[in-house]
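Reckoned from all heavy atoms, side chains included, excluding hydrogens, waters and symmetry mates.
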Amino acid sequence: MKTSTFARAVQAALIAAAIAGASTAALADIKNYKFELVDQSVQAGPDKVVTVRLVNTKTGKPVPDAVIFASRLDMAPDGMQEMATKVTPMPGTEPGTYRFKATFGMAGRWQLSLGAKVQGEAGTVENKLVITAQK
């Protein structure tokens, strides 16, 4: 009787381990996600909207419902990282897109730094995107 119970327990443990291993293997690596600019440039001035798309690089599909917890916009690409501006999140227009409103105080290259958590993934997606503000 004890052997039968022990055998069932071992079998249940093996099944649980197999299921856990399969679900872990199904998850993508956080390095398989990246932000992309929808438009590479904007007009300089106040209240300009920048749209980015978060994609899974393995599947090419957009990733909706990420939690963006860090955003910064500055002129680091032109050597003026102290020239930063406020970034205000806005609702996306389609799944996997994220929009931000900001003031581009002058023409030049601006760096949008983003940090996000993807649902069901460990780690953080971090990207720095360069946007050109034109006169």
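Scanning all heavy atoms of the two residues, the minimum distance from Gln111 to Ala76 falls at NE2-CB, 4.0 Å. Nearest heavy atoms, Ala44 versus Ala107: CB-N, 4.0 Å. The two residues Thr85 and Ala102 come nearest to each other via the heavy atoms CG2-CB, 4.3 Å. Here the shortest heavy-atom pairing between Val63 and Asn56 reads CG2-N, 3.6 Å. When all heavy atoms are compared, the tightest approach of Pro77 to Val130 is CG-CG2, 4.0 Å. Residues Pro62 and Gly96 come closest through the heavy atom pair CB-CA, 3.9 Å.
Thr57 contributes a side-chain N or O that, together with a main-chain N or O of Asn32, makes up a donor-acceptor pair within less than 3.5 Å. Side-chain atoms of Tyr98 come within 3.5 Å of backbone atoms of Asp65 as a donor-acceptor pair (strictly under, hydrogens ignored).
Placement of Ile68 and Val52 within a single hydrophobic cluster is found when ILVMFWY residues are connected by side-chain heavy-atom separations under 4.5 Å, directly or transitively. Placement of Leu129 and Met90 in two distinct hydrophobic clusters is found when ILVMFWY residues are connected by side-chain heavy-atom separations under 4.5 Å, directly or transitively.
One distance of note links NZ of Lys135 with CE of Met106; it measures 8.5 Å at 0.5 Å rounding. Between the CG atom of Leu114 and the CG atom of Leu73 there is a distance of 9.5 Å, given to the nearest 0.5 Å.
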Should Thr124 and Lys117 be marked as a side chain to side chain contact (heavy atoms under 4.5 Å, CB included) after you check the CA-CA gap, both sets of side-chain angles, and the distance that decides it? CA-CA 5 Å; Thr124 301; Lys117 293 286 187 181; 3.1 Å; yes

With side chain to side chain contact (heavy atoms under 4.5 Å, CB included) as the test, would you mind laying out the steps for Val125 and Ile30 before giving the verdict? CA-CA 6 Å; Val125 178; Ile30 198 70; 3.7 Å; yes

Side chain to side chain contact (heavy atoms under 4.5 Å, CB included) for Leu112 and Phe35? Distances and angles first, verdict last. CA-CA 10 Å; Leu112 178 61; Phe35 284 101; over 6 Å; no

Would Lys48 and Thr103 count as a side chain to side chain donor-acceptor pair (under 3.5 Å) here? Give the steps. CA-CA 6 Å; Lys48 300 302 176 186; Thr103 296; over 6 Å; no

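Within the 4.5 Å cutoff, side-chain heavy atoms of Val50 are placed close to those of Leu37. Side-chain contact between Met83 and Trp110 is present, with heavy atoms from C-beta onward closer than 4.5 Å. The shortest side-chain heavy-atom distance between Leu54 and Tyr33 falls under the 4.5 Å cut-off.
Under the salt bridge (Lys or Arg N to Asp or Glu O under 4.0 Å) criterion, Arg99 pairs with no residue, sequence neighbours left out. Qualifying salt bridge (Lys or Arg N to Asp or Glu O under 4.0 Å) partners for Lys34, counting only residues two or more places apart in sequence or in other chains: Glu36.
Contacts classified as salt bridge (charged side-chain N to carboxylate O under 4.0 Å, His left out) and involving residues 68-94 (residues at least two apart or in different chains) are given here: Arg72-Asp74, Asp78-Arg109.
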